[in-house]
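Here's the structure, in structure tokens; my notes come after.
What you see is a predicted model; the values in this text were computed from it and never measured. Computed from heavy atoms alone, side chains included, the values below leave out hydrogens, waters and symmetry copies.
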Amino acid sequence: MRNLLSKLPKIDIILKDTQFKNHNLLLLKKIAQNYLQALREQILKKDNQDIQKQLKELDYKKITQEIEQIYKTTFSSTIQPLINATGIVAQTNLGRSIFSPKIIKEITPLLCEYNNLEYDIAIGRRGERYGHIKNIICGILGCEDAFVVNNNAAAVLLIINTFAKNKEVIISRGELIEVGGNFRIPEVIISAGGILKEVGSTNKTHLNDYEEAICENSSLIIKVHQSNFKQTGFTAEVEVDKLIELAHKYNIIDYYDIGSGYLKGISNSIEPSLQQIASLKPSLASFSGDKLFGGPQAGIIFGKKTLIERLKKNHLLRALRVDKFSIFMLQATLKAYLQDDFEAIPTIAMLGAKETELHDKANKLLELLSPIKALKCNLISLNSKAGGGSLPDQDFPSCGIGIVHTSLKTQILNDKIRQKGLIARIKDDKILLDMRCLMSHHLIKIQQIFQEVS
Ligand SMILES: *Cc1c(COP(=O)(O)O)cnc(C)c1O
């Protein structure tokens, strides 16, 4: 063991090695130290014969080769573009809503120059970052006031903390939901300082359940959209207009966490649009910017001016503040909506894609894949999903290609294409490529990927 330990090279020798002469010394040193330390720990463990054997074969060359490998992967960018063939449009794991080159081009000058993000040019003094988008949102939604924070989770936190600190927040037991990534509505309400007042049951909540729970310490009735699941069977929930009425009657606040709101462009939606919700005049409502809205990460809040003024005075706001990139993106996305330019909003363009268009795309890809002898491909009907915790119950009829390989197992083939950046689904032992989220330049790339792995 001592022997092995003494075989490990000194860190100074590695740092002075000419093969590392173009490396950043601080990074190299850290990587080499961590690597050698891990080796030392393995040597001292000594109980595993196999590892001991491997360690005996370690020499200086091998050690430096491994350090070089770690250095390379640390240095290279780990984020890469992927081809989304899952048919899930706002896929949270794949970055949710993506942007169009058109909108990126529009905001690039703003990002590369100083700008009036918080500067009022007319009077030469500090301005407000929220003003740039407020008027467009109010115009589109017909609401009194609007406001934006970092994301919708931040909107929930800020609203509860501002209006319900040490006060009761009335919520249906059917809406104590988890959104994903450990975001649970009841926990957020408690973290924000609110007191949970659960009403009703998991499957049924009635208006009188809410009404009976209202007391002197009630501050707010919250309605939370069941974003990522659907209850069926013996169920009842109270519609938001009834809750707004009830809150008015008792002079408390109604707040609707819409989750994934959509503005327009989804003609067959089974859920109300943001405009329809706004027409009910909720005291406060909020939704995510990067789900079905198709914009940047943001939490968009709309409702009564007096309430939004109070949100702006909460000291927590600084920690939840929306950054300039999101404001620029949001403004450009809203403008695209004003002009019904859905091509500029990929999420909307993809969800609105016509079946004939998807069918044509599938035929083109089929043609590109047919020369690859090891593949058996056929055209199939599929159902795409909106994703990102939106419209869980709704299918978007789509078209795709099913693929099996003549010798490789489907799972193995899928691992290979995934490692080359093509994300697909497997069903009935076939690889499924859904056309909905594929752009025209992806088709030739997909052909290349299958040529390389087959
Ligand atoms: C997605 C979602 C959130 C969280 O929104 P983010 O923008 O991801 O922070 C909160 N509430 C509901 C109902 C949601 O669907």
Side-chain angles (χ1 to χ4, degrees), residues 143-144 152-179 182-261 271-272 276-287 299 301-311 314 316 389 392:
C143 53
E144 237 180 77
N152 193 31
V156 178
L157 187 74
L158 185 68
I159 289 171
I160 299 298
N161 185 265
T162 306
F163 299 109
K165 203 167 174 190
N166 302 319
K167 293 196 178 151
E168 287 183 5
V169 176
I170 305 172
I171 183 167
S172 159
R173 289 198 169 91
E175 294 172 11
L176 297 167
I177 65 166
E178 174 171 315
V179 176
N182 254 339
F183 177 85
R184 286 183 171 167
I185 288 288
E187 267 83 350
V188 173
I189 292 174
I190 292 165
S191 302
I195 301 164
L196 271 188
K197 179 70 188 173
E198 302 172 18
V199 298
S201 63
T202 306
N203 55 327
K204 279 201 170 199
T205 305
H206 305 283
L207 190 63
N208 64 323
D209 293 323
Y210 286 97
E211 187 155 13
E212 280 160 20
I214 297 175
C215 68
E216 287 222 320
N217 202 27
S218 307
S219 61
L220 195 142
I221 297 176
I222 183 172
K223 181 164 181 67
V224 183
H225 183 251
Q226 295 175 335
S227 305
N228 45 8
F229 68 105
K230 211 70 209 168
Q231 285 187 321
T232 54
F234 192 57
T235 62
E237 64 172 314
V238 182
E239 293 302 324
V240 70
D241 54 336
K242 294 281 182 306
L243 289 181
I244 293 172
E245 220 173 87
L246 184 69
H248 280 196
K249 182 171 159 193
Y250 289 92
N251 204 20
I252 57 177
I253 297 167
D254 56 273
Y255 166 38
Y256 186 13
D257 174 8
I258 303 168
S260 174
E271 292 194 3
Q276 286 167 317
I277 295 168
S279 72
L280 305 172
K281 306 276 176 227
S283 304
L284 287 171
S286 71
F287 61 96
I301 302 170
F302 63 91
K304 298 225 153 36
K305 194 173 175 62
T306 49
L307 300 178
I308 287 182
E309 285 303 325
R310 281 181 61 194
L311 290 178
N314 188 328
L316 256 187

Closer than 3.5 angstrom, by distance alone: can the side chain of Thr235 be matched with the main-chain N or O of Thr232 as a donor-acceptor pair? no
Heavy atoms only: give me the nearest [X]-[Y] pair and the separation to one decimal.
X      : Y      : result
Gly303 : Ile308 : N-CD1, 3.8 Å
Ile252 : Ser219 : CB-O, 3.6 Å
Ala285 : Ile258 : CB-CD1, 3.9 Å
Thr162 : Leu158 : OG1-O, 2.6 Å
Ile253 : Ser283 : CG2-CB, 3.9 Å
Asn152 : Gly259 : ND2-CA, 3.7 Å

Less than 4.5 Å apart, side chain to side chain, heavy atoms only: is that true for [X] and [Y]?
X      : Y      : result
Asn217 : Asn166 : no
Val169 : Phe163 : no
Glu271 : Pro392 : yes
Leu220 : Ile159 : yes
Ile160 : Val188 : no
Ile214 : Leu246 : yes
Glu175 : Glu237 : yes

Could you grab the distance from atom [atom1] of [X] to atom [atom2] of [Y], nearest 0.5 Å is fine?
X      : Y      : atom1 : atom2 : answer
Lys249 : Glu245 : NZ    : CD    : 9.0 Å
Ile277 : Phe302 : CD1   : CZ    : 6.5 Å
Ile195 : Ile190 : CD1   : CD1   : 10.0 Å
Arg184 : Ile189 : CZ    : CD1   : 13.5 Å
Thr306 : Leu311 : OG1   : CG    : 10.0 Å
Phe183 : Ile177 : CZ    : CD1   : 8.0 Å

Do other residues, nucleotides or ligands put more than 12 heavy atoms under 6.0 Å from Lys304 NZ? yes
If a pair satisfies salt bridge (charged side-chain N to carboxylate O under 4.0 Å, His left out) and one of its residues is in residues 156-172, list it, with sequence neighbours excluded. none
Distance-only check: which donor-acceptor pairs under 3.5 Å involve side-chain atoms of residues 197-210, not counting sequence neighbours?
{"unit_1": "Glu198", "atom_1": "OE1", "unit_2": "Arg173", "atom_2": "NE", "d": "3.0"}
{"unit_1": "Ser201", "atom_1": "OG", "unit_2": "Asn203", "atom_2": "OD1", "d": "3.3"}
{"unit_1": "Ser201", "atom_1": "OG", "unit_2": "Lys204", "atom_2": "N", "d": "3.1"}
{"unit_1": "Ser201", "atom_1": "OG", "unit_2": "Lys204", "atom_2": "O", "d": "2.9"}
{"unit_1": "Asn203", "atom_1": "ND2", "unit_2": "Phe234", "atom_2": "O", "d": "2.9"}
{"unit_1": "Thr205", "atom_1": "OG1", "unit_2": "Ser172", "atom_2": "OG", "d": "2.7"}
{"unit_1": "Asp209", "atom_1": "OD2", "unit_2": "His206", "atom_2": "N", "d": "2.8"}

